[in-house]
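The structure appears right after this line, and notes come after that.
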Amino acid sequence: MKRVRVLLVDDDDLFRKSLAKELVRSDLQVRTAADGRQALAEVRSSPPDVVLLDIRLPGRDGLHVLRSIKRFDPSIEVIMLTAFGEIDTAVASLQAGAHHYLVKPAPLAEIDAAIQRAYEKRCLSLENLALKERLRKDPARDTIVGDSPPMLELLALAGKVAASDRTVLLEGESGTGKELIARHIHRESRRRERPFVLVDCASLSKSLLESELFGYEKGAFTGAEAARPGLLESAHTGTLFVDEVGVLDPGIQASFLRLMETHEYRRVGATETREADLRVIAATNAHLDEAVRDGKFREDLFYRLSVIVLRVPPLRARTSDIPLLAEHFLQRTGFDATPKKLSPAALRELTGYGWPGNVRELRNCIERAALLSDGEVIEPWDLELLASPSERILRRVSSEDRLVPLREVHSRYIHLVLNRVHGNQQEAARILGIDPKTIYRHLKKENQH
């Protein structure tokens, strides 16, 4: 396990040397500096994870050094060391980017705990930077975002089937990203330079779908004043993605089966056949095998479509992807020059929610919060998730394997009330019957952890 790298900056020789020895005994990797100039030289030569920085330093004071460190590397966490009576200066250091401050002489256990919290925050910052860089560099991740085992398995299977022209059936709930998987398969196939054409079966009536899909001849029906090619012709030599194939009318199912078997079709009102050189990828949010048993879907067409079946997992089965997806959507909101950030509490709220609308619901939630939230940081009450706050708390408490401490329930109820009053701490304090400063201290402590 990596040892935390700590830089201790203090001009008091006795204090600096004695504290450094104690920190080494705590299995920390410690370097020291006696003034601001030495501190900045150490930071530039070998950046630490955490800096313990005295506010009172000869030459450059601690606030000046803090700002210089943050300009050099914002992910380096700084804990200010203050004397009693310097609280105002300590608060100013927090506003300048310090992680925390300790009043000397602080107990060693308190210093160790503060260092560990600061290090965890630095690790999270570095991880977020890495995620942003991966999103920027990897074009494929502009469409498919996820490193969870279910998604890695799905992408591996999609990569294998992409090389062939076999028909693929994508199964999954609405909003899981079936179209993105279909586009990924097309992009990895030999037809990548050819068209990718989408047919949304659920959005068109039977008559419109038939004419849109197959095209029609002049005079085929009232209003057909000229011949018109269909989507099959647009997809020629490329990929045809048939979304929500389960709602196809039985009559169109027969025509589509003929297309699958012979690679030929007729325009509506035509007698001559046309060739269809294309690959078919179909998608459904229903269980087609059940529709076959109920007589609502042709069995022969089902077997033609289900040569290869890929199941797209719901978001609740890949919760480890939620932070990456949320960051992906925040980067693409476009509402502000600088994307907003999610508070740790908001991120916990996102990962604890069930997402019945899957990735589509998450995207809408993030875009709405980025547009409507007032500050630079998105809080839980900005998310407006579909389930009520009380339902989320009950679900999260009851679904955990362990019994949760009372302080956790206490924290969740504070967020419930804040959510109901849209983040108004004064109103939340009135409802809870506590001092507003209590809520402020609670949220501050929670964000530090």
Side-chain angles (χ1 to χ4, degrees), residues 117 120-121 123-125 127-128 131 145-151 172-177 312-331 333 339-373 375 377-425 428 431-432 439 442-449:
R117 287 196 299 269
E120 289 169 5
K121 185 179 178 183
C123 289
L124 181 60
S125 298
E127 182 180 345
N128 286 338
L131 294 179
V145 178
D147 283 334
S148 64
M151 283 304 295
E173 299 174 7
S174 294
T176 51
V312 184
L315 188 54
R316 62 182 175 275
R318 45 182 291 222
T319 54
S320 61
D321 288 333
I322 290 176
L324 184 57
L325 284 163
E327 176 63 31
H328 173 80
F329 296 137
L330 279 175
Q331 290 291 323
T333 53
K340 295 184 179 182
K341 299 179 181 179
L342 288 161
S343 72
L347 190 56
R348 286 194 296 273
E349 199 76 5
L350 292 176
T351 55
Y353 180 55
W355 299 110
N358 292 295
V359 179
R360 183 184 295 126
E361 184 186 2
L362 173 62
R363 181 191 63 209
N364 293 342
C365 172
I366 294 296
E367 290 179 354
R368 180 177 62 245
L371 176 64
L372 299 179
S373 60
V377 178
I378 295 173
E379 298 291 353
W381 49 84
D382 297 317
L383 299 174
E384 298 184 9
L385 301 179
L386 293 181
S388 69
S390 56
E391 287 173 342
R392 293 200 301 275
I393 288 180
L394 289 173
R395 181 170 58 247
R396 287 169 60 184
V397 170
S398 62
S399 65
E400 292 175 357
D401 294 333
R402 62 185 179 86
L403 295 174
V404 299
L406 183 59
R407 65 176 179 275
E408 254 182 81
V409 179
H410 172 262
S411 175
R412 293 173 186 180
Y413 188 67
I414 288 178
H415 282 294
L416 183 155
V417 177
L418 282 169
N419 202 329
R420 289 285 180 86
V421 298
H422 306 289
N424 187 323
Q425 294 184 19
I431 294 171
L432 292 167
I439 295 181
H442 173 80
L443 295 176
K444 179 180 176 182
K445 181 178 179 182
E446 190 174 60
N447 284 329
Q448 287 174 348
H449 283 70

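Values in this document were obtained by computation on a predicted structure and should not be read as measured data. Atoms considered below: every heavy atom in the structure, side chains included; atoms not considered: hydrogens, waters and symmetry mates.
A pairwise comparison of heavy atoms in Arg368 and Leu383 identifies NH2-O, 3.0 Å as the closest pair. In this structure, Ala428 and Leu418 approach most closely via the heavy-atom pair CB-CD2, 3.7 Å. Of all heavy-atom pairs between Leu330 and Leu342, the closest is CD1-CG, 3.9 Å. Of all heavy-atom pairs spanning Leu324 and Gly146, the tightest one is CD2-N, 4.0 Å. In plain terms, the two heavy atoms of Pro313 and Pro150 that are nearest each other are CG-CB, 3.9 Å. In plain terms, the two heavy atoms of Ser373 and Ala369 that are nearest each other are OG-O, 2.7 Å.
Ser174 meets the side-chain hydrogen bond (donor to acceptor under 3.5 Å, both in side chains) test with Asn285; sequence neighbours excluded. Taking the side-chain contact (heavy atoms from CB on, under 4.5 Å) definition, one finds that Ile431 meets it with Val417, Val421, Glu427, sequence neighbours left out. With sequence neighbours excluded, no residue satisfies salt bridge (charged side-chain N to carboxylate O under 4.0 Å, His left out) with Arg360. In this structure, the side-chain hydrogen bond (donor to acceptor under 3.5 Å, both in side chains) partners of Asp321, at least two apart in sequence or on a different chain, are Ser148, Arg318. By the side-chain hydrogen bond (donor to acceptor under 3.5 Å, both in side chains) test, Glu173 pairs with Arg316, Asn358, sequence neighbours left out.
In this structure, the separation between CD on Glu367 and CG on Leu362 is 9.5 Å, given to the nearest 0.5 Å. Atom CD of Glu327 sits about 10.0 Å away from atom CG of Leu347, to the nearest 0.5 Å.
Side chain of Trp355 to main chain of Leu350: a donor-acceptor pair is present (N/O by atom type, distance under 3.5 Å, no hydrogens or angles). Counting only distance, with no hydrogens or angles, the side chain of Lys340 and the backbone of Ala370 share a donor-acceptor pair below 3.5 Å. For the pair Asp382 (side chain) and Glu379 (backbone), a donor-acceptor distance under 3.5 Å is present.
The shortest distance between side-chain heavy atoms of Val359 and Phe329 falls below 4.5 Å.
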